[in-house]
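The structure appears right after this line, and notes come after that.
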Amino acid sequence: MLTDYHCHILPGIDDGSENTEMSVKMLGLQRQQGVERIIATPHFYAHREKSVDNFLKKRDNSYKKLIGSEVDLTNVFLGAEISIEKGISELDGIEKLAVEGTDLILLEFPYTGFKDWMPEEVHNIACEFRLVPIIAHLHRYVSIFSKEEMEAVLRMKAIFQINNEAFAGFREKKFAAKLIKNGVRYVFGSDCHNIAVRSPNFDILKKEFRKKPEIIEASDNIYEKHIL
Ligand SMILES: [Fe+2]
């Protein structure tokens with residue numbers, strides 16, 4: 001089941017879809033591209049939110065706006081893209097941000113450079129709550145992390161998420177292809193935010209692997225392995 005593990009399709013909750021109309025268009029595009037399972041992952045920045053529970057209320061309200069629209073919500077699941085901040089593993093209720101019905105949780109490294117506490121926070125979330133971290137769009141950090149820092153990240157017990165757009169670039173494509181070849185656990189996502197420059201883009205991925213569908217299937221199959 002073609003799965004988008006990372007997207008910002010919920011209306012009016014982050015810098016993704018601006019309103020219900022845009023969400024309907026984004027979901028429509030995903031379906032046209034053959035995406036059958038969608039994990040909605042609005043940004044969660046601990047320092048901007050009152051609490052996890054408050055964020056979850058906002059997320060529910062956002063999702064409810066899609067109910068009753070013409071959009072097909074079959075196999076749309078709720079999650080979040082949690083920015084790793086110092087101390088995040090101790091935030092009350094952080095485990096509630098896991099992808100609903102699974103032990104998967106999508107975590108995003110900041111773009112400010114690598115710090116030793118970052119993998120520690122990831123490790124603590126995983127161990128404390130028995131969750132499996134998905135590290136968002138790792139290829140984006142090739143020019144931010146040193147080789148050694150990237151190796152430290154890759155040693156973590158985690159699944160690594162690749163944005164489809166990585167296959168449209170040179171350096172990021174090379175990095176993503178190497179990840180896949182080296183046998184790490186990976187999943188794909190559109191990380192779509194709108195219907196303009198960051199729109200649903202599974203067409204890129206399908207074109208890239210038209211002769212190797214098993215590469216995409218390996219990503220899709222991760223979900224089933226993590227259903228609780
Ligand atoms: Fe994202």
Side-chain angles (χ1 to χ4, degrees), residues 1-10 16-17 23 26-44 56 59-60 62-63 66 71-82 84 94-109 122 125-127 129-139 153-154 156-167 176-177 179-193 200-206 208-210 212-228:
M1 192 183 285
L2 187 60
T3 303
D4 190 344
Y5 284 87
H6 181 169
C7 60
H8 300 266
I9 50 142
L10 294 185
S17 171
S23 297
M26 289 168 79
L27 275 149
L29 281 170
Q30 283 170 309
R31 298 303 193 190
Q32 264 178 36
Q33 292 167 7
V35 180
E36 297 164 281
R37 181 164 49 209
I38 294 165
I39 302 171
T41 53
H43 286 289
F44 177 86
L56 292 175
R59 191 183 68 177
D60 276 352
S62 172
Y63 178 76
L66 300 177
V71 80
D72 176 10
L73 291 173
T74 313
N75 290 324
V76 174
F77 300 101
L78 301 180
E81 178 181 14
I82 302 145
I84 300 168
I94 187 77
E95 73 281 8
K96 295 180 198 170
L97 299 176
V99 178
E100 65 172 320
T102 76
D103 63 0
L104 298 168
I105 188 161
L106 181 68
L107 304 173
E108 177 187 38
F109 282 119
V122 174
I125 291 172
C127 292
F129 305 107
R130 295 184 169 220
L131 292 171
V132 178
I134 299 178
I135 304 299
H137 39 58
L138 189 62
H139 51 91
V153 173
L154 285 166
M156 290 171 20
K157 261 186 135 182
I159 296 167
F160 299 99
Q161 188 258 315
I162 302 166
N163 280 2
N164 302 333
E165 95 245 354
F167 296 98
L179 271 190
I180 294 167
K181 197 174 162 220
N182 286 350
V184 304
R185 290 194 297 163
Y186 61 86
V187 292
F188 295 116
S190 66
D191 198 5
C192 59
H193 279 65
N201 58 4
F202 266 81
D203 44 346
I204 295 177
L205 194 74
K206 285 164 79 178
E208 180 69 27
F209 295 113
R210 64 190 178 283
K212 289 183 185 167
E214 66 277 11
I215 301 269
I216 301 178
E217 283 160 19
S219 160
D220 299 335
N221 294 340
I222 292 265
Y223 184 89
E224 269 80 21
K225 290 179 189 141
H226 290 274
I227 296 172
L228 293 172

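In this chain, residues are counted from 1 in sequence order.
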Practice prompt. For Phe160, check ring-ring contact (aromatic ring centres under 6.0 Å, His included) against everything at least two apart and list the hits.
Written response: none
Worksheet entry | 4.5 Å side-chain heavy-atom contact, Leu154 and Leu138 | yes
Item to complete: Give the C-alpha distance, both sets of side-chain angles, the deciding distance and a yes or no for side-chain contact (heavy atoms from CB on, under 4.5 Å) between Glu95 and Arg130.
Response: CA-CA 9 Å; Glu95 73 281 8; Arg130 295 184 169 220; over 6 Å; no
Discussion item. Tell me whether Arg31 contacts the main-chain N or O of Glu36 through its side chain, where contact means a donor paired with an acceptor under 3.5 Å.
Written reply: yes
Worksheet item: Does Ala98 have any side-chain contact (heavy atoms from CB on, under 4.5 Å) partners at least two apart in sequence or in another chain, and if so, which?
Response: Ile105, Leu131
Worksheet item: Is a side-chain donor or acceptor of Gln161 paired with a backbone partner of Phe188 at a separation under 3.5 angstrom?
Response: no
Item to complete: Enumerate the residue pairs fulfilling side chain to side chain donor-acceptor pair (under 3.5 Å) with a member in residues 212-221, sequence neighbours excluded, ordered by first and then second residue.
Response: none
Discussion item. Tell me whether Tyr5 contacts the main-chain N or O of Tyr223 through its side chain, where contact means a donor paired with an acceptor under 3.5 Å.
Written reply: yes
Discussion item. Side chains of Ile84 and Ile125, heavy atoms from C-beta outward: is any pair under 4.5 Å?
Written reply: no
Worksheet item: Are any non-hydrogen side-chain atoms of Phe44 and Leu97 less than 4.5 angstrom apart?
Response: yes
Worksheet entry | Pairwise side-chain contact, Leu27 with Val76, heavy-atom cut-off 4.5 Å (strictly under) | yes
Worksheet item: What distance do Phe202 atom CZ and Asp4 atom CG have between them, rounded to the nearest 0.5 Å?
Response: 4.0 Å
Worksheet item: What distance do Ser23 atom OG and Ile9 atom CD1 have between them, rounded to the nearest 0.5 Å?
Response: 6.5 Å
Worksheet item: Is the backbone N or O of Thr41 less than 3.5 Å from a side-chain atom of His6, with the two atoms forming a donor-acceptor pair by type?
Response: no
Worksheet item: Taking atom CD1 of Ile135 and atom CG of Leu107, what is their separation to the nearest 0.5 Å?
Response: 5.0 Å
Discussion item. Are the side chains of Leu205 and Ile162 in contact, using a 4.5 Å heavy-atom criterion?
Written reply: no
Item to complete: Using modelled atom types only, decide if a donor and an acceptor are shared between the side chain of Asn163 and the backbone of Glu165 within a distance under 3.5 Å.
Response: no
Practice prompt. Would you mind reporting whether Leu78 and Asp60 have side-chain heavy atoms less than 4.5 Å apart?
Written response: yes
Worksheet item: After noting the C-alpha distance and the side-chain angles of Ile215 and Phe209, does the key distance pass the side-chain contact (heavy atoms from CB on, under 4.5 Å) rule?
Response: CA-CA 7 Å; Ile215 301 269; Phe209 295 113; 3.8 Å; yes
Worksheet item: Is there a side-chain contact between His226 and Val99, using heavy atoms and a 4.5 Å cut-off?
Response: no
Item to complete: Start with the C-alpha distance between Val132 and Thr102, add both sets of side-chain angles, then the distance that settles side-chain contact (heavy atoms from CB on, under 4.5 Å), and finish with yes or no.
Response: CA-CA 9 Å; Val132 178; Thr102 76; over 6 Å; no
Practice prompt. Indicate yes or no for a side-chain donor-acceptor contact from Ser190 to the backbone of Asn201 under 3.5 Å, with no hydrogens or angles considered.
Written response: no
Worksheet entry | Donor-acceptor under 3.5 Å (Arg185 side chain, Ala218 main chain) | no
Fill in: Atom of Cys192, atom of Gln30 and distance for their closest heavy-atom approach
SG-NE2, 4.0 Å
Item to complete: Specify the closest pair of heavy atoms between Met26 and Pro200, including all atoms of both residues, with the distance to one decimal.
Response: O-CG, 3.5 Å
Practice prompt. Look only at the side chain of Glu100 and the backbone of Phe77, and say whether a donor-acceptor pair between them is shorter than 3.5 Å.
Written response: no
Practice prompt. Check the pair Leu66 / Leu10 against side-chain contact (heavy atoms from CB on, under 4.5 Å), numbers first and verdict last.
Written response: CA-CA 8 Å; Leu66 300 177; Leu10 294 185; 4.0 Å; yes
Worksheet item: Of all heavy-atom pairs between Glu81 and Ala136, which one has the smallest distance, and what is that distance?
Response: OE2-CB, 3.8 Å
